[in-house]
Amino acid sequence: MSNRKTPGLNTGSMSDISFLLLTFFLLTSSINTEQGIPRKLPPPKADDAKEIKADINKRNVLNVLVNFRDEISVNGEVMMVSELKDKAKLFFSNPTNDPSLPEKQNKLIEGIGDFAVSKGVVSLTNDQGTSYNMYVQVQNELQRAVNELRDETSLQYFGKKFSALDSASQRAITSAIPMSISEAPPMDYSKTGAAN
């Protein structure tokens, strides 16, 4: 009986092929990145430590404060998170041109024409102790207010909801109903006792 040697496989080139396939996959695939929550950040402090003040009329600002106990106050009025959407929606739309609600500025918007755009800005301030759950709920309610206004305007001008519009029509609606929410850095009201 003769001992035969089993022929071995040359695996040296297999590692090269695996490396090339991995490189090809990484270069050709796209990785979805999270968008985050679109918000305007407060302006940076100037070099001389003076605050940059925005020239905004008081009636054009809706101050939303969320304290360390997850209590919400809107322009000093305590309310439930479920009431926030309707308050923000009324604030942005100002359907009766109430002098205590934001001013409007007429703009010519392509695809819509002359449109009275709200100058209103929601200024959102959270406490460092605000729970993440409440933070997300408040963000969702503010987003819902804008989404509902965009849907209503889309139906009025294009006969479809905002999500069903083409990109040009969506840009027009976004110009008519901007997302004007400014988020301030978190405060520590539990120590200062300044809110609620």
Item to complete: Please lay out, stage by stage, how Leu165 and Ile173 fare under the test side chain to side chain contact (heavy atoms under 4.5 Å, CB included).
Response: CA-CA 9 Å; Leu165 298 176; Ile173 295 297; 3.8 Å; yes
Fill in: Distance in Å, Phe158 CZ paired with Gln170 CD, rounded so as to fall on 0.5 Å steps
10.0 Å
Worksheet item: Does the side chain of Asp114 come within less than 4.5 Å of Lys107's, by heavy atoms?
Response: no
Practice prompt. Locate the shortest heavy-atom distance separating Ala164 from Lys160; write the atom from each residue and the value.
Written response: O-CD, 3.9 Å
Discussion item. On a heavy-atom basis, which atom in Ser118 and which in Phe91 lie closest, and how many Å separate them?
Written reply: OG-O, 4.4 Å
Worksheet item: Counting N and O atoms only, with roles assigned by atom type, does the side chain of Asn60 sit under 3.5 Å from a partner on the main chain of Glu103, one being a donor and the other an acceptor?
Response: yes
Worksheet item: Do Ile109 and Val117 pass the side chain to side chain contact (heavy atoms under 4.5 Å, CB included) test, and can you show the C-alpha distance, the side-chain angles, and the key distance before you say yes or no?
Response: CA-CA 10 Å; Ile109 299 173; Val117 179; 4.1 Å; yes
Discussion item. Under the criterion side chain to side chain contact (heavy atoms under 4.5 Å, CB included), I'd like the reasoning laid out for Leu65 against Ile72: C-alpha separation, chi angles, the key distance, then a yes or no.
Written reply: CA-CA 6 Å; Leu65 302 173; Ile72 300 169; over 6 Å; no
Discussion item. Restricting to non-hydrogen atoms, name the atom on Pro178 and the atom on Ser175 that form the minimum distance, rounded to 0.1 Å.
Written reply: CD-O, 3.9 Å
Worksheet item: Considering only heavy atoms from C-beta outward, does the side chain of Val74 approach that of Asn63 to under 4.5 Å?
Response: no
Worksheet item: Going from CG on Leu84 to CD on Glu141, what distance comes out if it is rounded to the nearest 0.5 angstrom?
Response: 6.0 Å
Discussion item. Donor-acceptor pair, distance only, cut-off 3.5 Å: does the side chain of Thr130 make one with the backbone of Asp127?
Written reply: yes
Practice prompt. Decide if atom CD of Gln156 counts as having more than 12 heavy atoms of other residues, nucleotides or ligands within a radius under 6.0 Å.
Written response: yes
Discussion item. So Phe92 and Pro102, do their side chains get closer than 4.5 Å, heavy atoms only?
Written reply: no
Discussion item. Just verifying a value: how many Å separate Ser169 OG and Glu110 CD, rounded to the nearest 0.5 Å?
Written reply: 10.0 Å
Discussion item. Keeping Lys89 on the side-chain end and Leu142 on the backbone end, is there a donor-acceptor pair under 3.5 Å?
Written reply: no
Worksheet item: Hey, what do you get for CD (Glu183) to OG (Ser123), rounding to the nearest 0.5 Å?
Response: 9.5 Å
Worksheet item: Going through the checks in order, is the side chain to side chain contact (heavy atoms under 4.5 Å, CB included) test met by Glu71 and Val66?
Response: CA-CA 6 Å; Glu71 296 167 338; Val66 186; over 6 Å; no
Worksheet item: Is there a donor-acceptor pair closer than 3.5 Å between any side-chain N or O of Asn75 and the backbone N or O of Leu62?
Response: no
Item to complete: Decide, yes or no, whether a salt bridge links Glu152 with Lys161 under the criterion of side-chain N to carboxylate O below 4.0 Å.
Response: no
Discussion item. Under a 3.5 Å distance rule, please check whether Ser180 uses its side chain to pair with a backbone N or O of Val121 as donor and acceptor.
Written reply: no
Item to complete: Write down the atom of Pro95, the atom of Leu90, and the distance for their closest heavy-atom approach.
Response: CD-CD1, 3.8 Å
Worksheet item: Between Thr23, Leu21, Asp16, which is the residue that forms a side-chain contact (heavy atoms from CB on, under 4.5 Å) with Phe19?
Response: Thr23
Practice prompt. Please determine, by modelled atom types, if Thr96 and Asp98 share a side-chain donor-acceptor pair under 3.5 angstrom.
Written response: no
Worksheet item: Are any non-hydrogen side-chain atoms of Phe162 and Leu155 less than 4.5 angstrom apart?
Response: no
Worksheet item: Side chain of Thr28, backbone of Phe24: donor and acceptor closer than 3.5 Å?
Response: yes
Discussion item. I'd like to check Gln105 versus Phe115 (side-chain heavy atoms, cut-off strictly below 4.5 Å). Are they in contact?
Written reply: no
Discussion item. Test your reading of the model: is there a side-chain donor-acceptor pair from Lys104 to the backbone of Ser93, 3.5 Å cut-off?
Written reply: yes
Item to complete: Taking the side chain as every heavy atom from C-beta outward, state whether Gln128 and Pro186 have any pair of such atoms under 4.5 Å apart.
Response: yes
Fill in: Pairwise salt bridge (charged side-chain N to carboxylate O under 4.0 Å, His left out) hits with a residue in residues 72-88, at least two apart
Glu77-Lys87, Lys85-Glu148
Practice prompt. Apply side-chain contact (heavy atoms from CB on, under 4.5 Å) to Asn147 and list each qualifying residue two or more places apart in sequence or on a separate chain.
Written response: Gln143
Fill in: Within-4.5 Å side-chain heavy-atom neighbours: Gln139 and Arg144
no
Discussion item. Within this structure, what is the CD-OG distance for the pair Gln137 and Ser82, rounded to the nearest 0.5 Å?
Written reply: 9.5 Å
Worksheet item: Counting N and O atoms only, with roles assigned by atom type, does the side chain of Arg59 sit under 3.5 Å from a partner on the main chain of Leu101, one being a donor and the other an acceptor?
Response: yes
